[in-house]
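Written out below as structure tokens is the structure these notes cover.
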Amino acid sequence: MSSFGDKMNEAGDQAKAAAQDMGDKAREAADKAGDEVRGTMDEMKERLEHAGDDVKEKVGGLLGKVKEKLGGGSK
């Protein structure tokens, strides 16, 4: 027959295990969310870099056309 103290210790151990499990799950969720944010930021950075290249190409093309119209084409 278990004493009251044994039952309290067992209940405490179960509560500690449940808290540890909840903490582990919270850390896993935070890690996953961090990974998703980092992935999204990397994707956005890459898109911005490509957009910058596209803008440079278009501006360069427009400047070339302007130079041609002004008679200052490449020599």
Among residues at least two apart in sequence or on other chains, which ones pass salt bridge (Lys or Arg N to Asp or Glu O under 4.0 Å) with D54? none
Could you pull out every donor-acceptor pair under 3.5 Å between side chains of residues 7-16 and any protein atom, sequence neighbours left out?
residue	atom	partner	partner atom	Å
N9	ND2	G5	O	3.4

Any pair counted as salt bridge (charged side-chain N to carboxylate O under 4.0 Å, His left out), so long as it reaches residues 31-41, sequence neighbours left out: D35-R38
Just jot down the salt bridge (Lys or Arg N to Asp or Glu O under 4.0 Å) partners of E43, sequence neighbours excluded, or say none. R47
With sequence neighbours excluded, tell me which residues meet side chain to side chain donor-acceptor pair (under 3.5 Å) with D21. K25
Contacts of Q20 meeting side chain to side chain donor-acceptor pair (under 3.5 Å) (sequence neighbours excluded), chain-then-number -> D24
More than 12 heavy atoms from other groups under 6.0 Å of CD on E49: yes
Who are the side chain to side chain contact (heavy atoms under 4.5 Å, CB included) partners of V59, not counting sequence neighbours? V55, L63
Considering only Ile, Leu, Val, Met, Phe, Trp and Tyr, and joining two whenever side-chain heavy atoms are under 4.5 Å apart, list the other residues clustered with L48. none
